[in-house]
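First the proteins, then the strands, lettered A, B, ... as listed; each starts at 1.
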Amino acid sequence: MRIATWNVNSLKARLSFVESWIGEVQPDVLCLQETKMKDAAFPSGVFAALGYETVHFGNSQWNGVAIASRVGLVSAQQGFDGEDPSQVPEARIVSATCGSVRVSSVYVPNGRSVGSEHYAYKLDWLARLTTHLEATCTPDQPVAVCGDFNVAPDDRDVWDPAACTGMTHVSSAEREALEALERWGLTDSFRLFHKDGGLYSWWDYQGGSFHKGIGMRIDLVLVSRPLADRAISALVDRNARKKRDGMSPSDHAPVVVEFAD
DNA sequence: ATGGTAGCGCTGCTA
C-alpha cells in the first residue's frame, strides 16, 4: 500500500499538476492539504475518473483537507471527534478508513510566531489531535496520520538549525506536541529510512529557496506500529516541486511511503 | 535592497 501526503497550495490552481502526478506515482491513498476551497467546489469527479473515492473538508478559501483512496473509503469524519463540522471555524482534519487503515489528513496551524495567540492555537490544535486519536482509534490498529504538521521533528529536518532559532516549526513545545503523538503510538515513518536528515518537503517560494536547499521537513506520515512494521520505503518527490509542462508547483513536495500488503 | 513569491479575491491577508 502506497500512502502519500501533499500540501498542494490550492487544489484549483494545482488540479492538472495533481492529476499528472497521480497518474505517474499511482498512490493508493493520497492526503491533500490546503485545497483552499469549499466542499461544493471539490472536484470529486476528476478523482473518480482516476479511480479514487474522496472525502473533502473545506469551509472557506483557506485551509481545506482531503483524502483520495483507490482501496476503499468509508466512515469519513470531518473535523475532530465530537465537533459539528458546520461549526468548525477552520477545516484542518478529515479522516476515513481506507482498506484496513484509519487515515487522517491534517493541516496543522502555522503558528506565525512563537508566543503569539496563533502559536497557542497551534499547540492547542496539536493537543486536540492526540485527544481525537484517543477517542476514535487505538494504536494497535493500522493508523496513518498524514499531512502538513508545520513542525520539523528535529534539527536534522531543517537546513540550518542556527538560522531557525526562535522561530516556529522548531520550538521545544511544538516538538513536544509531536512527541505526544509518538507516545500515543505513532512513528515518523520517513525517519525509519532516512536517519541522516537533510531531506525536506517544503521550501519557501521566495528567494530561490528550493534551489539553494533552504527547506524543512514538515510534511509527515505518522503511522501506528502495525504499519511501521510493514514500511518498505519512503521518499520526498522533489520533481513535483519543479515546474512541469508549464504548470507551477506547490511550495511543498509530496511525501510517499510504501507498506507491504 | 525592510525586499522577495504565490494564492486568495480585489484590499490586504496568509503562508
Side-chain angles (χ1 to χ4, degrees), chain A residues 5-21 31-43 46 56-66 79 88-94 105-126 129 146-153 157-160 163-171 173-175 177-178 200-220 236-255:
Chain A
T5 186
W6 194 5
N7 178 324
V8 293
N9 186 23
S10 171
L11 185 58
K12 183 182 175 190
R14 213 75 58 210
L15 186 57
S16 296
F17 202 126
V18 172
E19 282 185 84
S20 163
W21 185 86
C31 294
L32 299 170
Q33 300 85 38
E34 284 209 84
T35 59
K36 294 188 173 179
M37 57 177 54
K38 297 182 181 182
D39 288 340
F42 183 77
V46 171
H56 178 258
F57 184 32
N59 54 15
S60 76
Q61 74 271 45
W62 306 115
N63 313 304
V65 285
V88 173
E90 297 184 342
R92 293 182 178 275
I93 177 170
V94 67
S105 177
V106 303
Y107 176 46
V108 176
N110 174 283
R112 301 193 195 181
S113 60
V114 173
S116 68
E117 62 183 286
H118 301 280
Y119 178 77
Y121 176 66
K122 177 181 195 172
L123 296 177
D124 181 63
W125 197 94
L126 281 164
L129 177 55
C146 314
D148 177 359
F149 283 77
N150 273 314
V151 182
D157 301 310
V158 300
W159 80 99
D160 181 356
C164 298
T165 302
M167 296 168 61
T168 59
H169 297 56
V170 301
S171 72
E174 289 164 271
R175 288 175 169 171
L178 280 190
Y200 312 128
S201 64
W202 169 84
W203 301 260
D204 199 305
Y205 278 124
Q206 301 178 61
S209 296
F210 178 72
H211 295 287
K212 294 176 183 171
I214 298 175
M216 294 187 179
R217 187 174 70 92
I218 57 176
D219 298 274
L220 310 177
V236 177
D237 186 359
R238 289 171 51 90
N239 279 331
R241 181 61 176 74
K242 302 170 184 169
K243 187 175 273 204
R244 64 165 66 176
D245 299 332
M247 297 182 289
S248 63
S250 169
D251 48 349
H252 296 251
V255 175

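- Listed by residue number, A/N9, A/S10, A/R14 are the residues of residues 8-19 of chain A with a heavy-atom contact under 4.0 Å to DNA chain B.
- As rounded to whole Å, 17 Å separates atom P of B/dA15 from atom CZ of A/F149.
- Of the residues in residues 106-115 of chain A, those with a non-hydrogen atom less than 4.0 angstrom from any atom of DNA chain B are A/Y107, A/N110, A/R112.
- B/dG4 atom P lies 13 Å from atom CG of A/D204, rounded to whole Å.
- A/N7 places its CG atom 9 Å from the C1' atom of B/dA15, with the value rounded to the nearest Å.
- Nearest-nucleotide positions on DNA chain B for A/W202 and A/Q61 put A/Q61 closer to the 5' end.
- The backbone N or O of A/C31 sits nowhere less than 3.5 Å from a side-chain atom of A/S105 that would complete a donor-acceptor pair.
- In this structure, CE of A/M37 is placed 8 Å from P of B/dC8, rounded to the nearest angstrom.
- For A/R92, the salt bridge (Lys or Arg N to Asp or Glu O under 4.0 Å) partners are A/E90, not counting sequence neighbours.
- With sequence neighbours excluded, the residues forming a ring pair (Phe, Tyr, Trp, His ring centres under 6.0 Å) with A/W125 are A/F80, listed by chain and number.
- At a cut-off of 3.5 Å, with distance as the only test, a side-chain donor of A/D251 or A/W202 sits close to an acceptor on the other residue.
- Between the side chains of A/Y121 and A/S116, no donor N or O sits under 3.5 Å from an acceptor N or O.
- Checked against salt bridge (Lys or Arg N to Asp or Glu O under 4.0 Å), A/D219 has no partners two or more places apart in sequence or in another chain.
- For B/dA1 and B/dC10, the C1' atoms lie 28 Å apart once the distance is rounded to whole Å.
- Between the CG atom of A/D251 and the C1' atom of B/dG7 there is a distance of 10 Å, rounded to whole Å.
- A/S248 comes within 4.0 angstrom of sugar-phosphate atoms only, judged by non-hydrogen atoms across all strands, and of no base.
- In summary, the aromatic rings of A/W6 and A/W21 are positioned with their centroids under 6.0 Å apart.
- If you take NE2 of A/H118 and C1' of B/dC13, they are 11 Å apart, rounded to a whole angstrom.
- In this entry the distance linking CD of A/Q33 with C1' of B/dT14 reads 17 Å, nearest Å.
- One can place OH of A/Y205 at 7 Å from P of B/dA6, the figure rounded to the nearest angstrom.
- Residues satisfying the salt bridge (Lys or Arg N to Asp or Glu O under 4.0 Å) criterion with A/R14, sequence neighbours excluded, are absent altogether.
- Residues A/K36 and A/N63 bring no donor and acceptor atom of their side chains to less than 3.5 Å of each other.
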